[in-house]
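Data block below; observations after.
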Amino acid sequence: MDFSIITLDNFLFMLRSAGLSVLIAVFALIGGVILGTLGAAGKISKNKVLNTIATVYVEVFRGTPMMMQITFAFLALPAVVSLFAGPVRFNPIITGAIAIGLNSGAYTTELIRSGIMGVDKGQWEAADTLGFSYKQKMMKIILPQAFKRIVPPLVSEFITLIKDTSLLSSIGVVELMKSATTIGAKYYAYLPPLTVASCIYLVMTITISFFARKLERRLAESD
Amino acid sequence: MIDLKNVNKSFDTVHAAKDISLHVDQGEILCMIGPSGSGKSTVLRCISGLEIPESGTVTIEGEPLAFDNPKQLQKQRTKMGFVFQHFNLFPHMTVLENLTISPIQVLGQPKEKAEETAISLLTRVGLADKKDAYPSQLSGGQKQRVAIARSLCMHPDVMLFDEPTSALDPEMVGEVLDVMKELAQEGMTMIVVTHEMGFAKEVATRVIFLDDGQIVEENSPAELFGNPKSPRLQEFLSKVLI
Ligand SMILES: Nc1ncnc2c1ncn2[C@@H]1O[C@H](COP(=O)(O)OP(=O)(O)O)[C@@H](O)[C@H]1O
Ligand SMILES: [Mg+2]
């Protein structure tokens with residue numbers, strides 16, 4: 001394998017693309033947490049309508065391939081918006097980030113829901129017998145304890161998201177994966193840039209895992 | 001003060017409380033005994049509103065528990081302290097915070113006042129020096145005493161205990177029962193589910209024996225333990241150490 005084609009310029013190009021991957025993953029994570037919080041609230045709610053909306057959302061986005069969702073978003077979002085706002089062209093980066101965020105929200109819904117429901121039943125009951133309102137019970141007793149259970153899997157979700165951004169190469173977003181194939185096409189040699197890109201993915205995910213374990217230990221300490 | 005009329009509660013196929021009627025006056029110490037699975041917890045949890053009976057009414061201080069009105073139910077619950085077998089202290093809060101959170105949040109007390117009450121109650125249960133500890137740093141007996149103090153911070157009119165010493169190592173049972181005896185002497189109305197027959201004999205003003213979801217026998221402790229009438233109670237008493 002000839003790594004001489006990974007010139008400094010090419011390497012910097014890949015690093016910049018990796019930065020975009022992380023940026024999209026961060027955006028999707030934030031969007032996913034917001035959607036996931038709403039989704040979990042819907043799933044826990046006794047309100048039938050909210051509950052159904054949340055359930056359908058989770059099932060649809062967890063039950064279809066993410067590649068399908070990204071392609072759909074790329075084709076459907078502009079079509080829908082142009083019905084109201086006239087012809088538009090969507091930035092594939094923004095479209096992709098929205099698609100991944102929507103997908104992540106479905107997983108995060110389950111993650112937050114199970115974090116909340118996993119808080120010992122005795123905690124809910126103690127709050128009830130002390131006369132807490134539902135809101136006080138959630139804010140003061142349940143969510144602070146659920147938070148500790150939610151953070152570690154949320155970090156895993158972030159790692160998954162970084163890897164998932166590679167799917168956006170299919171709609172022309174020049175993230176890390178796409179940068180590698182672009183370089184590969186230029187030199188008719190795909191393996192060297194793909195190997196380097198894989199290493200960059202690994203460095204990113206291992207670093208996050210490392211800090212996640214530290215954080216987990218800190219959270220566990222306060223128990 | 002507390003009145004149950006024909007209360008029924010089932011879980012799936014289990015009829016856990018069968019037509020329970022019960023009256024508790026102010027100042028009474030009612031002990032509920034019976035084999036495991038006889039429905040003691042279910043009855044106590046119906047009184048506290050943790051379980052909603054399918055039929056019958058639970059009345060506290062003349063008002064039926066308002067299961068369809070969360071605000072009112074919340075208010076009614078503040079009149080009843082509940083002590084759990086497994087303490088259920090809030091693990092993410094210090095002992096002092098465990099005691100002050102409800103007075104501050106639910107009763108709207110200023111922090112200083114809530115802390116003052118909390119410290120005096122902690123002193124009463126002998127744990128003032130543990131106010132900054134977290135629950136995980138306490139022994140079982142200490143946790144249960146904190147849990148009792150936490151309930152008392154709400155100035156309840158009645159205290160409900162569900163096997164408060166069953167999860168404790170034997171050497172810690174005494175310290176919790178002592179706190180409960182002191183409460184009884186001060187005139188607190190108490191309903192206590194317990195396997196501590198000695199406590200029931202010594203402290204109760206009345207004892208109820210439950211079996212299979214029904215009140216089988218109800219009497220003064222002297223009569224109930226000294227002269228059990230039903231065969232089921234006789235059998236139960238022959239099996240437990242007194
Ligand atoms: N949440 C529940 N779900 C299903 N069955 C229950 C539940 N709580 C109690 N039961 C059943 O109801 C019966 C009475 O239980 P309980 O009131 O806890 O008895 P005790 O406190 O006297 O041991 C038992 O058969 C028990 O299995
Ligand atoms: Mg029980």
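Keep in mind that the numbers below use all heavy atoms, side chains included, and drop hydrogens, waters and symmetry copies.
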Test item: [X] side-chain N/O and [Y] main-chain N/O as donor-acceptor pair under 3.5 Å:
| X | Y | answer |
| --- | --- | --- |
| Ser133(A) | Gln136(A) | yes |
| Glu110(A) | Val58(A) | no |
| Asn103(A) | Ala99(A) | no |
| Tyr57(A) | Leu102(A) | yes |

### Task
Examine whether an atom of Gln123(A) lies under 4.5 Å from a heavy atom of chain B, and if so say whether it belongs to the side chain, the backbone or both; otherwise answer neither.
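Gln123(A) touches chain B through backbone and side-chain heavy atoms alike.
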### Message
Taking side chain as everything from C-beta outward and backbone as N, CA, C, O, which of these in Gln145(A) sits under 4.5 Å from a heavy atom of chain B? Side chain, backbone, both or neither.
### Response
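Contact with chain B involves the side chain of Gln145(A) alone.
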Other residues, nucleotides, ligands: >12 heavy atoms within 6.0 Å of [X] [atom1]:
| X | atom1 | answer |
| --- | --- | --- |
| Glu116(B) | CD | no |
| Phe13(A) | CZ | yes |
| Phe72(A) | CZ | no |

#### Entry: Asp132(B)/Lys130(B) salt bridge by N-O under 4.0 Å criterion
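Salt bridge: no.
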### Message
Pair Asn51(A), Ser45(A) - check side chain to side chain donor-acceptor pair (under 3.5 Å), show working.
### Response
CA-CA 6 Å; Asn51(A) 197 293; Ser45(A) 158; 5.7 Å; no
### Task
Check whether NZ of the Lys or CZ of the Arg Lys9(B) lies under 6.0 Å from the centre of the six-membered ring of Phe11(B) and within 45 degrees of that ring's axis.
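Here Lys9(B) passes the 6.0 Å and 45° test against Phe11(B).
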### Query
Under a 4.5 Å heavy-atom cutoff, which of Lys75(B), Gln137(B), Arg45(B) has the most pairs with chain A?
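The residue among Lys75(B), Gln137(B), Arg45(B) with the greatest pair count is Arg45(B).
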Interface residues of [range] facing chain A - non-hydrogen atoms under 4.5 Å apart:
| range | result |
| --- | --- |
| residues 78-89 of chain B | Thr78(B), Met80(B), Phe82(B), Phe84(B), Asn88(B), Leu89(B) |
| residues 20-43 of chain B | none |
| residues 101-115 of chain B | Ile101(B), Ser102(B), Gln105(B), Val106(B) |

Under 4.5 Å between any side-chain heavy atoms of [X] and [Y], yes or no?
| X | Y | answer |
| --- | --- | --- |
| Thr189(B) | Met159(B) | no |
| Leu35(A) | Thr109(A) | no |
| Phe199(B) | Val192(B) | yes |

### Task
Step by step, work out the side-chain contact (heavy atoms from CB on, under 4.5 Å) result for Val173(A) and Ile24(A).
CA-CA 10 Å; Val173(A) 176; Ile24(A) 294 171; 4.0 Å; yes
### Message
Could you work out, with ring-ring contact (aromatic ring centres under 6.0 Å, His included) as the rule, every residue matching Phe90(B), not counting sequence neighbours?
### Response
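Partners of Phe90(B) by the ring-ring contact (aromatic ring centres under 6.0 Å, His included) criterion come out as none, since no residue qualifies.
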#### Entry: Engaged part of Arg150(B) at the chain A interface, taking heavy atoms whose separation is under 4.5 Å
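Both backbone and side chain.
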